[in-house]
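Since the structure comes first, as structure tokens, the remarks are kept for the end.
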Amino acid sequence: MGWVWLLLLVVAVTAFLVVRRRNKALAAERSARELEPVKKLAFEDVTALGVDLQDLDLELAGRALDEGANADYQRALDSYEAAKTSADAISSPEHVQDVTKILDDGRYAIACVRARVAGEPLPQRRPPCFFDPRHGLSVEDVTFAPVGGAERQVPACALDAERVKAGAEPDSRQVMVGTQRVPYWQGGRAYRPYAAGYFGAFGPMDWIFMGFMFEGLGGGLGDLAGGLGDGMGDLAGGLGDGIGDIGSGIGDVFDGFDF
């Protein structure tokens with residue numbers, strides 16, 4: 001009977017290794033699929049900061065900057081270069097958080113330069129516009145509810161604040177989810193790090209974003225259901241492959257016996 005126990009052990013080890021190998025491969029494929037759209041979003045934001053810096057250069061043409069304005073201007077330039085370097089190094093959705101945090105610092109530095117040149121007080125450090133961080137610093141919080149979601153206070157730029165107050169749709173950043181365009185905060189789990197870099201320093205904003213992720217069309221509930229479905233499919237596929245390999249292995253073992 002010793003060979004029977006040995007066979008059972010071989011079967012168990014084979015099943016474990018096959019399922020684990022398959023699940024690792026599927027997880028890597030899923031991560032790659034999630035990375036591409038959010039990486040593209042980060043590169044677009046880096047480009048947008050470069051455009052903002054070009055606009056600032058035009059505004060400052062012929063002006064002499066004092067020490068404070070020059071320091072803020074240099075900080076904005078450094079942020080742009082650091083964001084480009086960080087974006088080039090993105091290898092997972094989580095790395096996008098580093099890029100958007102740098103971009104937020106750069107936009108605040110630009111706002112400080114403009115305030116100093118205009119002889120105004122430095123702007124309050126507020127989160128960027130929730131609807132599209134490329135809009136720059138928010139100026140106030142407005143009550144907003146996505147389709148099918150609960151109302152929340154979110155930071156908005158001046159134009160989006162006026163739109164929301166007037167009952168119009170804000171100029172939200174759109175991303176593709178399958179064949180549907182949805183606001184980035186309803187794009188799925190891969191976009192959470194993107195938002196965390198912009199809003200994570202402001203505490204409750206992360207919870208606001210996570211709440212929106214589970215509301216409305218294209219939101220996190222669909223993402224969660226899809227993830228569970230993928231997980232069950234992966235498990236079933238892995239078990240199927242494992243059973244097939246085990247069957248082959250058992251056949252090979254019994255080929256060695258002469259009944």
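Because only heavy atoms are used, hydrogens play no part in the values below, and waters and symmetry mates are left out as well, while side chains stay in.
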Same apolar cluster: [X] and [Y], side chain cutoff 4.5 Å:
X	Y	answer
L137	V142	no
V38	I102	no
Y198	F43	no
V164	V154	yes

When you compare the side chain of [Y] with that of [X], does any pair of heavy atoms fall below 4.5 Å?
X	Y	result
L103	Y80	no
V113	L60	yes
P37	M176	no
R107	H135	no
F199	F130	yes
S172	Y184	no
N70	D66	no
V175	W185	no

So, does [X] use its side chain to make a donor-acceptor pair with the main chain of [Y] at under 3.5 Å?
X	Y	answer
T100	Y194	yes
S138	P127	yes
D160	D171	yes

Is the shortest distance from a Lys or Arg side-chain nitrogen in [X] or [Y] to a carboxylate oxygen in the other one below 4.0 Å?
X	Y	result
E67	R116	no
K84	E81	yes
K40	E36	no
R152	D141	no
R114	E59	yes
R75	D72	yes

Task: Axial cation check for Y108 ring with R125, 6.0 Å and 45° limits - done: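 Positive - R125 is close enough to the ring of Y108 and near enough to its axis.
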
Do you know the tightest heavy-atom contact between [X] and [Y]?
X	Y	result
D98	S86	CB-OG, 3.7 Å
A156	A161	CB-N, 3.9 Å
A89	H95	O-ND1, 3.9 Å
V139	R126	C-NE, 3.9 Å
A42	V96	CB-CG1, 4.0 Å
P123	A111	CG-CB, 3.9 Å

Atom [atom1] in [X], atom [atom2] in [Y]: separation rounded to 0.5 Å?
X	Y	atom1	atom2	answer
D132	Q174	CG	CD	9.5 Å
R134	D52	CZ	CG	10.0 Å
C129	R173	SG	CZ	11.5 Å
Y73	C112	OH	SG	15.0 Å
R181	Q186	CZ	CD	13.5 Å

- [ ] Could you give me the CA-CA distance, side-chain angles and deciding distance for V99 and D45, then say whether side chain to side chain contact (heavy atoms under 4.5 Å, CB included) is met?
- [x] CA-CA 9 Å; V99 179; D45 283 19; over 6 Å; no

- [ ] Please report the C-alpha distance between E169 and R163 in whole Å, then the side-chain angles of each, then the deciding distance to 0.1 Å, and finally whether the side chain to side chain contact (heavy atoms under 4.5 Å, CB included) criterion is met.
- [x] CA-CA 6 Å; E169 284 297 313; R163 291 187 183 100; over 6 Å; no

Open item on the list: Apply side-chain hydrogen bond (donor to acceptor under 3.5 Å, both in side chains) to residues T143 and E151 and explain how you reach the verdict.
Closed with: CA-CA 6 Å; T143 301; E151 290 187 343; 5.4 Å; no

- [ ] Could you point out which residue of V46, L53, I110, D105 forms a side-chain contact (heavy atoms from CB on, under 4.5 Å) with S79?
- [x]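 Exactly one option meets the side-chain contact (heavy atoms from CB on, under 4.5 Å) with S79, and it is D105.
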
Task: Flag if over 12 foreign heavy atoms under 6.0 Å of NZ, K39 - done: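 Check passes, neighbour count above 12.
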
- [ ] For side-chain hydrogen bond (donor to acceptor under 3.5 Å, both in side chains), just list the numbers for Q74 and D78, CA-CA rounded to whole Å, side-chain angles, deciding distance to a tenth of an Å, and then say yes or no.
- [x] CA-CA 6 Å; Q74 186 60 50; D78 291 343; 2.9 Å; yes

